[in-house]
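These notes concern the structure reproduced below.
Everything quoted here is computed from the prediction, not taken from an experiment.
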Amino acid sequence: MSNNSIETIQRDLLERVQTVDVPRDVLKSPELKQLYGTIATLPAEERGPFGKSLNDMKAILEQAITEREEQAESAKIVALDVTAPWDLNTHQPSLLPTTQGTQHPLTTELEVVIDIFTRMGFQAIESRQIDDDFHMFGALNFPENHPARDGYDTFRTEEGFIPPAHTSTMQHRILKNGRADLEAGTPIAAISYGRVFRNEDVDATHEHTFYQVEGVFVSKTATLGEMLGTLRSFFEAYYGQQLRIKTQPAYFPFTEPGLEFAIEKPAALGGKPGEWLEMLGCGMIHPNVLETAGIDPNEYSGFAWGGGVERLVMLKYGIEDLRHFESAKLTFLRKFA
Ligand code: DAH
């Protein structure tokens, strides 16, 4: 084949690189394949030089293709829609399609949790994401300057507001708002769910931002036994199987007594007998907390609990790293789509 015809083909192909939609496809064009095919038909001494001229041509084409791709890319960047979901702007086909959004797995699981508790008769209210010292600590029987406050690694704004470190920040409101019903003979039964914030170093089991669910129940006759039954029913409903539970004493200024509540890790989720997982803090509501909300602790008693949502979900799905939840990684999120 003459150099002349190679040059003609090269010119054609270069022109095509400039005009087709997918310039890289030009490398797959039949003309090029045919040229490579002719190598084998040439006399031995011509193969080397001919092969080299083909490779040179391919290099020229590649360069032209890359340049065109880069141009196309920067043209897209100019047209970037900053309000679009981020993966619409990445041009990575493996991450598309994004025609349909999905709910974050924590939201979905939180809905499951809320559904179980509302079916058990609890009213569900969202927890606040900004609060004050009184609700976060004072109303919960944390004396001023008490060392127990340090355990909550609390953020504070310059004005002294607090992004709450636990959903217990809602307890006082729940009690105060439920007082009238209580006096009319209806127990207070509410959960409060939402984001909480702690000034913690982040690792596989600690996040600065996570979700909790708090439960509060008050009646004339509330007992610790009722609390354990309520919690056990919840966990059995959530994991869809019977569970063994145990408690151990714990200190919270707002409970008396205070407990840590653990479940035996279900065999279906890879647990061995005797493998206990601490799921939440709980206890009988401290008389001072009831009194601060205007409820007479001599007449009424209550129990409360609070625990992390991520932990529940991690166990259910075998998720090993808490950081996945806030990472916005589509590879993780798509597993729940
Ligand atoms: N607020 C506690 C925490 O985040 C958990 C807790 C313990 C909540 C005991 C309660 C309770 O309502 O009674 O560590």
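- A salt bridge between Glu62 and Arg24 is present, with a side-chain N of the basic residue lying under 4.0 Å from a carboxylate O of the acidic one.
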Should His166 and Tyr152 be marked as a ring-ring contact (aromatic ring centres under 6.0 Å, His included) after you check the CA-CA gap, both sets of side-chain angles, and the distance that decides it? CA-CA 8 Å; His166 57 179; Tyr152 288 84; 4.8 Å; yes
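- Around atom CG of Asp203, more than 12 heavy atoms belonging to other residues, nucleotides or ligands sit under 6.0 Å away.
- Panel note: side chain Arg198, backbone Ala165; a donor-acceptor pair is recorded below 3.5 Å.
- A salt bridge does not link Lys220 to Asp296: none of the charged side-chain nitrogens sits closer than 4.0 Å to a carboxylate oxygen.
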Checking Ser168 against Glu214 for the side chain to side chain donor-acceptor pair (under 3.5 Å) test, could you report, in this order, the C-alpha distance in whole Å, the side-chain angles of both residues, the deciding distance, and whether it holds? CA-CA 6 Å; Ser168 305; Glu214 180 88 4; 2.9 Å; yes
Test ring-ring contact (aromatic ring centres under 6.0 Å, His included) applied to Phe254 and His286, step by step: CA-CA 5 Å; Phe254 39 103; His286 195 289; 9.5 Å; no
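- Criterion: ILVMFWY side-chain heavy atoms under 4.5 Å apart, direct or through other members. Under it, Leu224 and Phe252 are not part of a common hydrophobic cluster.
- Side-chain contact annotation: Asp321 with His324, donor-acceptor N/O pair under 3.5 Å absent.
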Decide yes or no on side chain to side chain contact (heavy atoms under 4.5 Å, CB included) for Ile125 and Gln123, but give the supporting numbers first. CA-CA 7 Å; Ile125 53 165; Gln123 184 195 352; 4.1 Å; yes
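- At least one donor-acceptor pair closer than 3.5 Å links the side chain of Arg232 to the backbone N or O of Leu243.
- Taking both residues in full, the closest heavy atoms of Ala304 and Gln171 are given as CB-NE2, 3.4 Å, listed atom of the first, atom of the second, then distance.
- Aromatic ring centroids of Phe235 and Trp305 lie 6.0 Å or more apart.
- Between Thr102 and Phe336 the shortest side-chain heavy-atom distance does not fall below 4.5 Å.
- When atom types are taken as modelled, the side chain of Arg311 and the backbone of Leu280 share no donor-acceptor pair closer than 3.5 angstrom.
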Check the pair Phe197, Phe155 against ring-ring contact (aromatic ring centres under 6.0 Å, His included), reporting the backbone distance first and the verdict last. CA-CA 7 Å; Phe197 311 89; Phe155 291 111; 7.3 Å; no
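- The pair Glu278-Lys246 fails the salt-bridge criterion, with no side-chain N (NZ, NE, NH1 or NH2) lying under 4.0 Å from an Asp/Glu carboxylate O.
- You'll find the side chain of Lys265 stays beyond 4.5 Å of the side chain of Lys272, heavy atoms only.
- Taking the charged nitrogens against the carboxylate oxygens, Arg149 and Asp133 do have a contact shorter than 4.0 Å, which makes a salt bridge.
- Side-chain atoms of Thr157 come within 3.5 Å of backbone atoms of Phe161 as a donor-acceptor pair (strictly under, hydrogens ignored).
- Taking 4.5 Å as the limit, every side-chain heavy atom of Ile162 sits out of range of all side-chain heavy atoms of Ile130.
- Counting only heavy atoms from C-beta outward, the side chains of Tyr300 and Leu182 approach each other to under 4.5 Å.
- The cluster map of Ile, Leu, Val, Met, Phe, Trp and Tyr, joined by side-chain heavy atoms under 4.5 Å apart, puts Val196 and Phe117 in different clusters.
- Two residues are said to be in side-chain contact when any heavy atoms from C-beta on lie closer than 4.5 Å; Asp12 and Glu31 fail this criterion.
- Contact annotation: the side chain of Thr223 never approaches that of Phe303 to less than 4.5 Å [non-hydrogen atoms, C-beta and beyond].
- Atom CD of Glu159 has more than 12 heavy atoms from other residues, nucleotides or ligands within 6.0 Å.
- Stacking of Lys316 on the aromatic ring of Tyr239 is not recorded, the 6.0 Å distance cut-off and the 45° axial limit not both being met.
- Closest of all the heavy-atom pairs between Ala64 and Leu14 is CB-CD2, 3.6 Å.
- Residues Met120 and Val216 are members of separate hydrophobic clusters, defined by side-chain heavy-atom contacts under 4.5 angstrom among Ile, Leu, Val, Met, Phe, Trp and Tyr.
- Using a 4.5 Å heavy-atom threshold, the side chains of Met136 and Leu140 count as separate.
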Check step by step if ring-ring contact (aromatic ring centres under 6.0 Å, His included) holds for Phe325 and Phe210. CA-CA 9 Å; Phe325 288 117; Phe210 54 103; over 10 Å; no
Before you tell me yes or no, could you show the steps for His104 and Leu333 under side chain to side chain contact (heavy atoms under 4.5 Å, CB included), namely the whole-Å CA-CA distance, both residues' side-chain angles and the distance that decides it to 0.1 Å? CA-CA 7 Å; His104 192 281; Leu333 297 174; 3.7 Å; yes
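- Across all non-hydrogen atoms, the minimal contact from Leu290 to Ser301 is CD1-CA, 4.4 Å.
- Of the charged side-chain nitrogens involved, at least one lies within less than 4.0 Å of a carboxylate oxygen, so that Glu326 and Arg195 count as a salt-bridged pair.
- Environment of CD in Gln34: sparse, with no more than 12 heavy atoms of neighbouring residues, nucleotides or ligands closer than 6.0 Å.
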Full working for side chain to side chain donor-acceptor pair (under 3.5 Å) between Asn199 and Asp153: CA-CA 5 Å; Asn199 189 359; Asp153 302 308; over 6 Å; no
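- Atom CD of Glu15 is surrounded by 12 or fewer heavy atoms from other residues, nucleotides or ligands within 6.0 Å.
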Under the criterion salt bridge (Lys or Arg N to Asp or Glu O under 4.0 Å), I'd like the reasoning laid out for Asp115 against Arg119: C-alpha separation, chi angles, the key distance, then a yes or no. CA-CA 6 Å; Asp115 184 52; Arg119 279 187 283 126; 3.2 Å; yes
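- In plain terms, the two heavy atoms of Leu32 and Leu27 that are nearest each other are CD2-O, 3.5 Å.
- Centroid-to-centroid, the aromatic rings of His172 and Phe134 come within less than 6.0 Å.
- Between Glu109 and Tyr238, the closest side-chain pair of non-hydrogen atoms falls below 4.5 Å.
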Output, in order, the C-alpha distance, side-chain angles, deciding distance and verdict of side chain to side chain donor-acceptor pair (under 3.5 Å) for Glu236 and Gln242. CA-CA 5 Å; Glu236 293 190 340; Gln242 292 198 331; 5.3 Å; no
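- Formation of a donor-acceptor pair under 3.5 Å by the Thr107 side chain with backbone atoms of Gln103 is not found in this model.
- Side chain of Glu264 to backbone of Gly274: a donor-acceptor contact under 3.5 angstrom is found.
- Using a 4.5 Å cut-off between side-chain heavy atoms of Ile, Leu, Val, Met, Phe, Trp and Tyr, with links allowed through other members, Tyr317 and Val112 fall into the same hydrophobic cluster.
- In this structure a side-chain-to-backbone donor-acceptor pair under 3.5 Å is missing from Arg244 to Ile263.
- At least one donor-acceptor pair closer than 3.5 Å links the side chain of Arg47 to the backbone N or O of Leu42.
- The backbone N or O of Thr167 sits less than 3.5 Å from a side-chain atom of Gln212, completing a donor-acceptor pair.
- The heavy-atom pair separating Val26 from Ser29 by the smallest distance is O-OG, 2.8 Å.
- Put simply, the residue from Tyr211, Tyr193, Phe234 that forms a side-chain contact (heavy atoms from CB on, under 4.5 Å) with Val113 is Phe234.
- Across all their heavy atoms, Ile6 and Ser53 have their closest contact at CD1-OG, 3.9 Å.
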